[in-house]
Amino acid sequence: MLRLRAFRPSNEKIVKVQVHPTHPWLVTADASDHVSVWNWEHRQVVYELKAGGVDQRRLVGAKLEKLAEGESEPKGKPTEAIRGGSVKQVQFYDDDVRYWQLWCNRSAAAEAPSAVNQQSAFSPPAPATRGRHFLVICCENKAIFLDLVTMRGRDVPKQDLDNKSLLCMEFLSRSSAGDGPLVAFGGSDGVIRVLSMITWRLARRYMGGHKGSISCLMTFMTSSGEALLVSGASDGLLVFWSADHIQDSRELVPKLSLKAHDGGVVAVELSRVMGGAPQLITIGADKTLAIWDTIAFKELRRIKPVPRLACHSVASWCHPRAPNLDILTCVKDSHIWAIEHPTYSALTRPLCELSSLVPPQVLAPNKKLRVYCMVVHPLQPYIVATGTNIGVILCEFDPRALPPVASLPTPPGSREHLAVFVVERELQLLNFQLSNTANASLGSNGSLTEPGRPRAESLDPLHVKQIKKHISTPVPQDSYSVLSVSSSGKYVAIVWPDIPYFAIYKVYDWSVVDSGTGRLLAWDTCRDRFALLESALPSRMPIIPKPGSSRKAKEAAAAAAQAAAAAASAAYSATVQVRILLEDGTSNILTRSIEGRNEPVIGLHGGALLGVAYRTSRRVSAVAATAISTIQSMPLSGFGNSGLSSFSASDDPFTSNKTSEVAPQNFQLYSWETFQPVSGLLSQPEWTAWDQTVEYCAFAYPQYIVISSLRPQYRCLGDVAIPCATGAVWHRRQLFVATPTTIECVFVDAGIAPIDIETKRRKEEMKLKAAQSRAVAEHGELALITVEGTQTAAQERITLRPPMLQVVRLASFQHAPSIPPFLTMPKQSKVDTDDSILSKELEEKKANEIAVGGGGVAVAVTRFPAEQKRPVGPLVVVGVRDGVLWLIDRYMCAHALALSHPGIRCRCLAAHGDAVSAVKWASRLGREHHDDLAQFMLGMGYATEALHLPGISKRLEFQLAMQSNDLKRALQCVLTMSNSRDIGQENVGLDIADMLSLKARPENLVETVQGIVKFGKEFLDLIDAADATAQADIAREALKRLAIAGSVKGALQGHELRGLALRLANHGELTRLSELINNLISAGQGREAAFSAAVLGDNALMERAWQDTGMLAEAVLHAHAHGRPTLKSLVEAWNKVLQKELENAPSAKTDAASAFLASLEEPKLTSLADAGKKPPIEILPPGMVSLSAPIKIAKKPTPAITGPQQPPSQPLQLEAPPQAAPQPQGSDPPAPSGDDPSQSSATPDASSASDPVPPSENNAVPESSAPVSEPEATAPSETNPPVAQPETAMPVTTPSTAPVATSQMLDMDWASPPTSSSVSDPFI
């Protein structure tokens, strides 16, 4: 699978290219000496400069820096003003580059069986660049060191290097103190000069090796552990120098010299060989490529890759998709050429055609693409960058291909682990284990690898002991293969998709139990059965001859390519079979075809269910991306035609940039038992991973991984944003995922959903029914007779818990982040050449990363460990064994990632189900991280165990106690948080005055009330939980504190007070509820007091709550609704308040015209007596008579008195009011008796107009002369039936329509409560 990852067009030829190992940076130099740093992920230019001439921006910047530092005009010409000349080499340099350079050299040397450092762990070098990222440009006249962080640079002219032209460079390892990072420059005089990047002076020279100009430099390590520097020059010699620098000599002589090429050496490259010593690859001006042994330093092989064309670049390559290719090179054409391993046909053939990748509008019709340079990514070998005459082309060669290796189950009690892999035509075993039993990954927490740094946090890789063993059973093919293991571990399946062919081996004796034509194979995770996509091809597979002549080899390769193409085309018409392996090793066919869809099958995914992917459109590539089941179908097995490209461009959904397109629904899940579909069509995943306990599954897609729960039914838990994942392995509730650049761990828990509770209930019902059925079968129907007794058991509370997905990055290529100093390049006079300062800073940094607990136990103070170093290249995740995560790379080497950091170990133990051990390990984790760990354990369902963590906060402790139903501890937590442990006891004796004034205990009472208010919700939740579990004592203790806070004005909100009242009433705390109401009334919280009184059922207290808090409108409505005897007084008080508000209301300012018009609209006075009257406000409840109803005076024949005032000896005779019958509930009160309503309303007007009695006296006479007691008025009269009275339907009246006062209202029946509507009224 080949695709274009990135392309940057250019008008000039790109003659130099280099990539950064960890950052997505690519530096290029074109033919015009223009250097550019490009971010190929974000398609952005990081930096550009003209290195060949004088860059004016850098020159101006350097002058400004010197002026800012207080320097005057420079004495000489600045180095930035020196023309650089032709750019010879560009290179990145920082701590990442330095680390991975040493790692690759050491790994290549450790492959040899006689390697001295094979059993020793790689110790990373100390940081040298302090966070800076240097871009080093080697020009003919000077070297430019540019810091890409601060954008400050330093130029080293060739005058500082013996005034010789600089042609190439290489970085050396650190030598003695004071030199710091070293860079070696090859000069035009054949001398190698070493420059110190600390002192910026010449450190030493390598002399006497070459007679011509040096063209290339490279460092490597031999199998004996010696570091060497190799140089190639125009004289055609390869010269080897010592790069250890143990002796501080200023001039070094060569150790060995070899004649390599006629006409000069162009480039040299290091090649890592599986199971052997490293090799050197050189290309020369004589158009040949030579391979050299690094033990005897002899030539092993020499070829001409492309006839009549010289190679410009060479790179070592090891890709799982092409196991027979090991060298890449380029000439001046449009191809990337690949050279096969000598054990194969030793052909050179084009790997890809670059013209088919670039956009067609970029390449002109009459212009041909030419490649001038090439480089392979040092850590991601599937990425190849090429410099051409149209720009930079970044290609990607199948990043999903995994090494052909599969792990075998480890025997119980054994520490030795096995994996089987295929190399060439041989099946081999890899035996690997941790080398020391006291390793920190196994729990030894006392050892420190560095001063002040525990091994648990050390960045050093674990020491692994591994041995490769040969198996006498050969394999029939040597092309790309995919290995997988059955669920029991007894069988290993190998599939060669390019043939296509498969074989199943029995692990016990490695005998073949099944074989045939097949391109896809998937195992069941529950039984030893598999699904196979069988191809309709002859059983005899083509055998590749190895002739001596190149013509015959090409013919054989062409024939093999045709056979592979025929196999690929026939695979689409194949059917999916399901076979099972019995105990005796025989294979039986369960079904010859899964009846599903008619589309051709393009992928199989194994697991608890069988997943089948179908081809639905041409845009979906016929590939699958898992090392377990889905396999690609490209002919890349060494048989391809030399004139055709091995990799072809394809539009693949995994790597396509067209993310906006909707993925086709072409994936179907089938049952292994019935072979019937169990779901609808889904989007095809790249790979699937199923838990061994069949509880969880993961479906990987290009940008994310979907994780689902399988029990009690399928439920999607969510997705995690892990793009481009290549494989994963479940370990209980842990999913370890490998990506091309990182290793991730996903902690998964399904939580508790309603379906889980329902399923549990149904299971209990089924168990009960089964028990009853057994009892009936044994003892008959009498067994069902039960006696119900008193059930005192508390009800179980099952709290819903959401699913949890937490991602932790375990390893990556990145170096530990550091903060770069914002300083310019140090000058020589200000440089401290001693390294004691640097070492002291490192020791202080390491000492600050740990703390020492009781008993000398190292305690990690970081939440998670620093990211470990991910092994290079594609990886197969083996799983967790011996407390470490095992990985196997493309060279079949096992790597171990430590999981010993307490933050990781505790999570792994909890996810595995051992929460008790997780709590024990938490003692090694800083207490400031216990809350985070407790939250994780809570998400995993271990709230009870998380309570034992010593460093959790009280708030989280309360939450955990609530989740674990430990309400006593929850009460203690909330009392401690609110500082109310001593408040609310019976002997405290707080009264309302103390609570309102908050002066009784000023030192703690204010804080107590504030604390209770702050945690009011927690108090209410605790009360509800205690009620649900019948723990009344805990609820009462919480109610005491909450009732105290509720007594303070403004402390609790309205809904909290209402909830408090309900809970007090529910617990029968009527006395506390009454006290709460009185306190609320005193505090002025009328609504809450009235609500509490309503809960208590006390109408009088409820009315007082309205009245005493000034809420007279509510009091009137309540008294009217309940027939309270105080209705009249409440109405009068309410109207007086309204009248005062009206009188005190400020009048609006108006002009004279508005005032005159308003005066015209006012009612005119009929007499002088009305002049002092103002219309009073009178608002009544619905149906209530007016307070100023007319006074009914008995009509007697005596003549009326015409005097201005009635004599006091003749009191005014008032008509006795009739006795009103009880009114039905909800009906209006009886209207005053009298004649026609019109007459009754007109009579007072006439009398008042002719009567000179003042209104005040007219109102005072009835009150003094006709007092009526309320008890007499409320007693109904049986002898005098009530007389029907007309209703007064005016709730608001004025003196123009009604008199000012009436005595009839005094005789109303205010105390008689309304009766039900069922009582009949004789007058209606």
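Only heavy atoms go into these numbers, but all of them, side chains included; no hydrogens, no water, no symmetry mates.
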Main chain of [Y], side chain of [X]: is a donor-acceptor contact present, judged purely on distance under 3.5 Å?
X: His731; Y: Leu885; value: no
X: His901; Y: Gly903; value: yes
X: Thr742; Y: Glu744; value: no
X: Gln935; Y: Asp932; value: no
X: Arg733; Y: Met940; value: yes
X: Ser917; Y: Asp914; value: no
X: Arg1041; Y: Val1009; value: no
X: His1067; Y: Ala1032; value: no

Worked verdict on Gln814 versus Ser812 for side-chain hydrogen bond (donor to acceptor under 3.5 Å, both in side chains): CA-CA 6 Å; Gln814 294 284 346; Ser812 68; over 6 Å; no
Report yes if the side chains of Tyr704 and Val720 come closer than 4.5 Å at any heavy-atom pair, otherwise no.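 Sidechains of Val720 and Tyr704: no contact.
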Knowing that exactly one of Asp1024, Asp1027, Asp1021 qualifies, which makes a salt bridge (charged side-chain N to carboxylate O under 4.0 Å, His left out) with Arg1063?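 Output: one option passes, namely Asp1024.
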Under a 4.0 Å N-O cut-off, is there an ion pair linking [X] with [Y]?
X: Arg711; Y: Asp756; result: no
X: Glu765; Y: Lys769; result: no
X: Glu764; Y: Arg761; result: no
X: Arg955; Y: Asp931; result: no

Rounded to the nearest 0.5 Å, how far does CE of Met1102 lie from CG of Asn1099?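 Nearest 0.5 Å value for the CG-CE distance: 7.0 Å.
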For the atom pair CD (Glu1088) and CD (Glu1056), what is the distance rounded to the nearest 0.5 Å?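 If I round to the nearest 0.5 Å, the distance is 10.5 Å.
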Scan Leu887, Val884, Ile904 and name whichever one has a side-chain contact (heavy atoms from CB on, under 4.5 Å) with Leu897.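 One option only clears the test, and that one is Leu887.
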Just to verify, which of Val1095, Leu1042, Leu1073 counts as forming a side-chain contact (heavy atoms from CB on, under 4.5 Å) with Leu1064?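 Passing option: Leu1073.
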Regarding Arg907 and the six-membered ring of Phe936, is the cationic atom NZ or CZ under 6.0 Å from the ring centre and inside 45° of its axis?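 Ring-cation test returns yes.
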Check for me whether Arg905 meets the cation-pi criterion with Trp921, that is, NZ or CZ under 6.0 Å from the six-membered ring centre and within 45 degrees of the ring axis.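 Judged by the rule, Arg905 and Trp921 form a cation-pi pair.
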Stepwise, does the salt bridge (Lys or Arg N to Asp or Glu O under 4.0 Å) test hold for Glu1037 with Lys1040? CA-CA 5 Å; Glu1037 290 295 327; Lys1040 291 178 184 178; 3.4 Å; yes
Give the C-alpha distance, both sets of side-chain angles, the deciding distance and a yes or no for side-chain hydrogen bond (donor to acceptor under 3.5 Å, both in side chains) between Arg801 and Gln963. CA-CA 10 Å; Arg801 192 174 74 249; Gln963 290 287 338; over 6 Å; no
Is it the case that Thr693 and Asp691 place a side-chain donor and acceptor less than 3.5 Å from each other?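 Yes, because at least one side-chain N or O of Thr693 sits under 3.5 Å from a partner of the opposite role on Asp691.
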